[in-house]
Amino acid sequence: MYIDVAVNTDDERIVELARRYWELTDEGKFMYSVAELASDFGIKSHQVTKVVKENSSAFRTDITCSGCGECYLLTKRTDANQPFYRLVPRHEDWTCQDCLEEEAQVQRDFERNNAEKSKSNSLAQKVICWEADVQHQVFFLAFLKYSGDESLSRILPLGNNRVDLLAPTTEMTFEVVRQLLHNDIISVDPNSPEGAYFFNDDGEFRLYLDRCAWKITTFINQDNAELGEQGIDGPALYTVLDKHLSSDQFLKENIDDIQEVAWEVVQKEAIAFLEHVLTERGLPQRFGEMTHHVLRKALEKYSLAQVYRMIWQAARNASDYLVRNNVPKQQAANTIPRSIDGYMERAKANGWEVSPFRRNFNLPQSTLARVVFNQILGTDDGGFHTPIYRLFDKEELEVFSQDDRV
């Protein structure tokens, strides 16, 4: 192997010291020891390496970068006579740090370009906010309230808000974002934190929904839509949408769609509490159609606060069953839907008044729930305290419409 030494000094003594410091025999051993060099040049042994490194660089010519052809930079003397496979496991594919950084920058530019294209494609759809589905209008307002920045020019990453919940469960939170993204109401912000979007090994453009920031790509009217990105007016959208969803007219004209969103939110809140109590008791969180069916059945008659009590009681029974019978944890967890169903049957037969629970401190009302139950329906966390069927009773809605609503 051959060591190429580059010096950055005109001092002939240091040039000679550097040459000898890196010189190898035909067998690949160092020609001079550090002690010998120190003696020959009249300096202390510990200063030899320091002087050489400060005034020169050494490269192994048998290891070259696959990108630019640059030789391998030696950072310590012992690397000079090491077999190349110990320094570079995949010798043929070795890439120097400068080329790696350049490739990374090219990749970031490519990914950013695709994020820009995604934004442009969404803007080209010219979606008018009021023409979107009721569900998407509700989702969009909740997302703005949850994560809009102070100027309402963009929506910050989900992970930035560590105080509130956008939706009751992580699954539903991501679904809200997906729905808005797929319907061109928002798009990926090219200025998202690094690593928020990327290309996978199959060449697919992928996102981390919790890391991405978002651009608003819906318009307040057709005139704004014709202006393209310059026509986006986040503050106006927020103000008008906030007022629109608070109106009696919006509630009356879209009662069925609002009820559908309300049902989805309440069911996810029940699932969130079930997951919480299962975690507390060390039970698995795998449940299927039976659990969803039983929870829906319970929510058709009882408030979420009352269903919380049923869930808590069923989880306690499952935990007791696990201890008493020493069964697998999943088997114990599988008793929960039957336990809730049995409790409801007994409560109905005996005319029991099911005592409600309070909201769990770790599961606050989500922003989406506030938009639906507090803002649109005009109740104080009605989705928690009141059964859904009562919230959408005609007489109840007439009472809501008589409130001082904007």
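Computed from a prediction, not measured in an experiment: that's the story for all the values here. Residue numbers start at 1 and run along the sequence shown.
Within the structure, ring pair (Phe, Tyr, Trp, His ring centres under 6.0 Å) contacts touching residues 229-248 (residues at least two apart or in different chains) are Trp130-His244, His244-Phe250. Applying the salt bridge (charged side-chain N to carboxylate O under 4.0 Å, His left out) definition to pairs two or more places apart or across chains, those involving residues 260-277 are Glu171-Lys268, Glu269-Arg359.
Taking each heavy atom of Pro168 and Ser366 in turn, the nearest pair found is CD-OG, 3.7 Å. Across every non-hydrogen atom of Ile216 and Gly234, the tightest pair is CD1-CA, 4.1 Å. The two residues Leu368 and Val138 make their nearest non-hydrogen contact at CD1-CG1, 3.8 Å. In terms of heavy-atom proximity, Ser56 sits nearest to Asn8 at N-OD1, 3.8 Å.
Not a single donor-acceptor pair under 3.5 Å links the side chain of Ser147 to the backbone N or O of Phe143. Remark: side-chain polar atoms of Glu23 are not paired, donor with acceptor, to backbone N or O of Met31 under 3.5 angstrom.
Side-chain N/O atoms of Asn334 and Gln330 include a donor and acceptor closer than 3.5 Å.
With sequence neighbours excluded, no residue forms a side-chain hydrogen bond (donor to acceptor under 3.5 Å, both in side chains) with Arg309. Under the side-chain hydrogen bond (donor to acceptor under 3.5 Å, both in side chains) criterion, Asn254 pairs with no residue, sequence neighbours left out. Glu229 pairs by the side-chain hydrogen bond (donor to acceptor under 3.5 Å, both in side chains) definition with Lys119, not counting sequence neighbours. The side chain to side chain contact (heavy atoms under 4.5 Å, CB included) search around Tyr208 returns Phe198, Asp210, Arg211, not counting sequence neighbours.
For the pair Arg77 and Tyr21, the cation-pi criterion (under 6.0 Å, within 45° of the ring axis) is fulfilled. Taking the ring axis of Trp263 as reference, the NZ or CZ atom of Arg296 stays within 45° of it and closer than 6.0 Å to the ring centre.
Glu353 is listed as a side-chain neighbour of Gln306, based on a closest heavy-atom distance under 4.5 Å. Annotation: side chain of Ile271 is in contact with side chain of Leu295 (closest heavy-atom distance under 4.5 Å). At a threshold of 4.5 Å between non-hydrogen side-chain atoms, the residues Leu299 and Ile388 do not count as touching.
Ion pair Asp242/Lys145 flagged as a salt bridge, since at least one NZ, NE, NH1 or NH2 atom sits closer than 4.0 Å to an Asp/Glu carboxylate oxygen. Using a cut-off of 4.0 Å between Lys/Arg side-chain N and Asp/Glu carboxylate O, Glu345 and Lys348 are scored as not salt-bridged. Of the charged side-chain nitrogens involved, none lies within less than 4.0 Å of a carboxylate oxygen, so that Arg13 and Asp11 do not count as a salt-bridged pair.
Residue Ser187 holds its OG atom at 15.0 Å from NZ of Lys117, rounded to the nearest 0.5 Å.
Applying the 6.0 Å contact sphere to CZ of Arg358 captures no more than 12 heavy atoms from other residues, nucleotides or ligands.
Ring geometry for Phe273 versus Tyr308: interplanar angle under 30°, hence parallel rather than tilted (30 to 60°).
Checking each of Val52, Asp4, Leu17 against Trp22 for a side chain to side chain contact (heavy atoms under 4.5 Å, CB included) leaves exactly one that passes, namely Val52.
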